[in-house]
Engineer: 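Sending over a structure as structure tokens; questions will come in a sec.
Below, chain A is the first sequence line, B the second, and so on; all start at residue 1.
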Protein chains: 2
Amino acid sequence: MTARARVKIKDVATLAGVSTATVSRALSAPDSVGPATRKKVMEAVKATGYRINSAARDLRQRRARSLLILAPNLSNTFFSRIFAAVQEEASSVGLTVQISDSRIGRDRLLSLGYDGRADGIVLLDGGLDPEVVNGWRLPLIQLSEWNDAYDAPRLGIDNHAAAGLAVDHLVGLGHRSILHVNGPEENVLAITRRQGFLDAASRNGAEATVFPGDFTLESGAEAARRWAGLDNRPTGVFCASDECALGFVSECIRLGCDVPGDVSVVGFDDIDFADRFVPSLTTIHQPRLEMGRAAVKQVVAMMQGTPKAETDATGTPPERIEATLVERASTGPAPA
Amino acid sequence: MTARARVKIKDVATLAGVSTATVSRALSAPDSVGPATRKKVMEAVKATGYRINSAARDLRQRRARSLLILAPNLSNTFFSRIFAAVQEEASSVGLTVQISDSRIGRDRLLSLGYDGRADGIVLLDGGLDPEVVNGWRLPLIQLSEWNDAYDAPRLGIDNHAAAGLAVDHLVGLGHRSILHVNGPEENVLAITRRQGFLDAASRNGAEATVFPGDFTLESGAEAARRWAGLDNRPTGVFCASDECALGFVSECIRLGCDVPGDVSVVGFDDIDFADRFVPSLTTIHQPRLEMGRAAVKQVVAMMQGTPKAETDATGTPPERIEATLVERASTGPAPA
DNA sequence: GAATCACGTGTAATCGATTTCACAAGGTGC
DNA sequence: GCACCTTGTGAAATCGATTACACGTGATTC
């Protein structure tokens, strides 16, 4: 409550009549000091309103009790729930969270993982320069997106198989010609989903078409206009993201087509609006809460020294988290 | 590139044949060392791959070059764009960003603003214990939400007036009976918007009704069901948030009502989906990018020592950022 | 030519914690 | 009653930077 100068451990020590070493121990390992001393210290702490100075502790302990989250676009709605999960889990084990757009300058980026402010990284971007990523000597986990050139474990759903779920669902409803609205060309997720789409279509003997896209609402709308102009319109559509799917559906409705009467649309991610949109969106559900939590748990495990041999083996199979298809109102039987 | 132990300033100094003081100066104030020395140092830095240890620098300089953002719910789509703006602006002035849910435990929260890890706070939550907030002795700005008990400047739109815009718009379209779906009882934004709604309705001589809500999609849907059960349904609806409005509209459509044919709906915030929803949502636009940027600029100014007298004057009028009404497809003339 | 100044640099103190090491006091075992 | 733990504590080194202060050099001023 004292509004004077910052109180430091020395002040607490003086007030309690002990040494700073004892105060430090009383706070970080209460069992290592005598009960009477502990009580005196705690009282002095309370009386002075002492709060530790993290910089000093971080310096001495050479760690920051902090995690860094990097994502290519902080305003992306898909990420926000992951941020929340990561922050929650991190906070529960006493770690603070630093967040940054991963598309800041190369040098700034390098510094982030190098300045000792974080002691673990959750990376949601597979598009960074591998040299930068591998240059960091910090426990790091790739979440959702990945890059084979990164020398770090990954965590996420099986995107190839998930795309298959979408195709199987559409085929099961009788759709024989299916369109895929792709994500950005160079994005691993997009590439994997696209391949999963093609493989599943071929496995099911369905006709497959692919339109370019970039995960955004606009690209979905654009694809819808292009789709509307086709002679033989595919009756089933699998979009590489929910935003794209929502854009597609909106534009269809605007163009006077009925969803799912004229065309069935499946999205990917199950973002918050997916079930509130009209029609609600059939989509691939990614358990983002679970993903965020698992990522933190794994980074923390690495921080606590999982044997190096295990963590930096490039061949480590990615940890898999189950994705499921949620059937909603944007898909229905193929029109006759 | 050397993969050996972390290199420190001493190593650079040795390699360059100068003292650590000179290295430090060469890096932080290049003009203060001779050109030849500077060159030697820079080369040594490059050769060793030296990166500063922030903990050491933070300790010595008693600052962290870091901003803390606090929001009541990190996965809220309204905030994500603000986060992005804050991060971008902060990064551009060399600050890193720490993020946390503001509804973590009181003690953890206190520590966040007290442990020297941040030297400025952007607070997006008006519902915290004022004792905690005022206990922090850090430049702090209230963004979007505010609390009169916080002893800190605020930044945001004029919510009272903005609600008026919504009402005026509906009245202008001929609606005489208007429903407001409120936000959480104790939330300042909700309270202010509600009051703005009531005042504007009375000023316009329109009939006003208020339903409870909590900003969520579900509460909007719930309100729609309740609205549908009324004998004399208001024809205009003003929701305290876009999510709520989207929930309301979705549910209306589900119930077979036409928007805006049977009922016109106005939202608040202009989140990303607002213009993609079908029908696209008429809403109050909050310039979140601008808000985030302005907040950072102001905190930074405070950090650099705007005279105390100015920054902690409780009577400082809140900085105002202009909100506008965006007319889209969810509102139309009142049915005859 | 003495006094003064500007400039570049090094030495050492400093930031505020943690942790190693040493040691005193009291308890055990034989 | 001696050797040997165990426990609790303090003194001082340490983490890795920044910076106050002092000093040497050469230029400027009168």
Engineer: Tell me every residue that passes side-chain contact (heavy atoms from CB on, under 4.5 Å) with B/Leu15, counting only those two or more places apart in sequence or in another chain.
Structural biologist: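 Once residues adjacent in sequence are excluded, the partners of B/Leu15 under the side-chain contact (heavy atoms from CB on, under 4.5 Å) criterion are B/Ala44, B/Ala47, B/Thr48.
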Engineer: Once side chain to side chain donor-acceptor pair (under 3.5 Å) is applied, do any residues pair with A/Ser100, and if so which ones, sequence neighbours excluded?
Structural biologist: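 A/Ser100 satisfies side chain to side chain donor-acceptor pair (under 3.5 Å) with B/Gln87 only.
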Engineer: Sequence neighbours left out, what passes side-chain contact (heavy atoms from CB on, under 4.5 Å) with B/Arg51? Give chain and number order.
Structural biologist: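 Checked B/Arg51 against side-chain contact (heavy atoms from CB on, under 4.5 Å); matches are A/Asp107, A/Leu110, A/Ser111, A/Tyr114, B/Arg6.
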Engineer: Please identify each residue that fulfils side chain to side chain donor-acceptor pair (under 3.5 Å) with B/Ser19, with sequence neighbours left out.
Structural biologist: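 For B/Ser19 the side chain to side chain donor-acceptor pair (under 3.5 Å) partners, ignoring immediate neighbours, are B/Thr22.
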Engineer: What is the distance from NZ of B/Lys10 to C1' of D/dT18, rounded to the nearest Å?
Structural biologist: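 One finds 16 Å between C1' of D/dT18 and NZ of B/Lys10, rounded.
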Engineer: Round to the nearest Å and state the distance from B/Asp58 atom CG to D/dT18 atom P.
Structural biologist: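 Atom-to-atom, B/Asp58 to D/dT18, this comes out as 10 Å.
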Engineer: Could you work out, with side chain to side chain donor-acceptor pair (under 3.5 Å) as the rule, every residue matching B/Thr77, not counting sequence neighbours?
Structural biologist: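 Residues passing side chain to side chain donor-acceptor pair (under 3.5 Å) with B/Thr77: B/Glu243.
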Engineer: Describe, as an angle rounded to 10 degrees, how the axis at the first end of the helix from C/dG1-D/dC30 to C/dC30-D/dG1 is tilted relative to the axis at the last end, five pairs per end.
Structural biologist: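 Terminal axis comparison yields 30°.
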Engineer: Just jot down the side-chain contact (heavy atoms from CB on, under 4.5 Å) partners of B/Asp115, sequence neighbours excluded, or say none.
Structural biologist: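 Per chain and number, B/Asp115 pairs via side-chain contact (heavy atoms from CB on, under 4.5 Å) with A/Ser54, B/Arg117.
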Engineer: With a strict under 4.0 Å distance from non-hydrogen atoms of chain B, what nucleotide opens and what nucleotide closes the contacted stretch of DNA chain C, reading 5' to 3'?
Structural biologist: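 On DNA chain C, the outermost contacted nucleotides are C/dG8 to C/dG16.
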Engineer: Has the side chain of B/Arg57 got a donor or acceptor that lies under 3.5 Å from a partner of the other kind on the base of D/dT18?
Structural biologist: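 A donor-acceptor contact between them is absent.
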Engineer: Is there a donor-acceptor pair under 3.5 Å between the side chain of A/Gln142 and the backbone N or O of A/Ala152?
Structural biologist: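 Side chain of A/Gln142 to backbone of A/Ala152: a pair is present.
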Engineer: If I take atom CD1 in residue B/Ile9 and atom C1' in nucleotide D/dT19, what distance separates them, rounded to the nearest angstrom?
Structural biologist: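 Taking CD1 of B/Ile9 and C1' of D/dT19, I get 12 Å after rounding.
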Engineer: Could you state the atom-to-atom distance from NZ of B/Lys8 to P of D/dT18 in whole Å?
Structural biologist: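 It works out to 15 Å between those atoms.
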Engineer: Expressed as a whole number of angstroms, how long is the span from A/Arg60:CZ to D/dA17:C1'?
Structural biologist: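 It works out to 15 Å between those atoms.
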Engineer: Report all side-chain donor-acceptor pairs from residues 27-39 of chain B shorter than 3.5 Å, counting only partners two or more places apart or in another chain.
Structural biologist:
{"unit_1": "B/Ser28", "atom_1": "OG", "unit_2": "B/Ser24", "atom_2": "O", "d": "2.9"}
{"unit_1": "B/Ser32", "atom_1": "OG", "unit_2": "B/Ala29", "atom_2": "O", "d": "2.7"}
{"unit_1": "B/Arg38", "atom_1": "NE", "unit_2": "B/Pro30", "atom_2": "O", "d": "3.1"}
{"unit_1": "B/Arg38", "atom_1": "NH2", "unit_2": "B/Val33", "atom_2": "O", "d": "3.4"}

Engineer: What residues form a side chain to side chain donor-acceptor pair (under 3.5 Å) with A/Arg63, not counting sequence neighbours?
Structural biologist: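 Checked A/Arg63 against side chain to side chain donor-acceptor pair (under 3.5 Å); zero matches.
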Engineer: Grab the CG-P distance between A/Leu59 and D/dA13 for me, whole Å please.
Structural biologist: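 Distance, rounded to whole Å: 17 Å.
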Engineer: Of all residues at least two apart in sequence or in a different chain, which pass the side-chain contact (heavy atoms from CB on, under 4.5 Å) check with B/Val122?
Structural biologist: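 side-chain contact (heavy atoms from CB on, under 4.5 Å) list for B/Val122, sorted by chain: B/Ile141, B/Leu143, B/Ala295, B/Val299.
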Engineer: Where along nucleotides 4-9 of chain D does protein come under 4.0 Å, by heavy atom, of base (B) or sugar-phosphate alone (S), with - for untouched nucleotides?
Structural biologist: ----SB
Engineer: Please check if the side chain of A/Asn134 supplies one atom and the backbone of A/Asp151 the other of a donor-acceptor pair under 3.5 Å.
Structural biologist: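 Looks like yes, one N/O pair under 3.5 Å.
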Engineer: Name the residue closer to the 5' end of DNA chain C, choosing between B/Arg62 and B/Gly17 according to the nucleotide with the nearest heavy atom.
Structural biologist: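 Whichever sits nearer the 5' end wins; that is B/Gly17.
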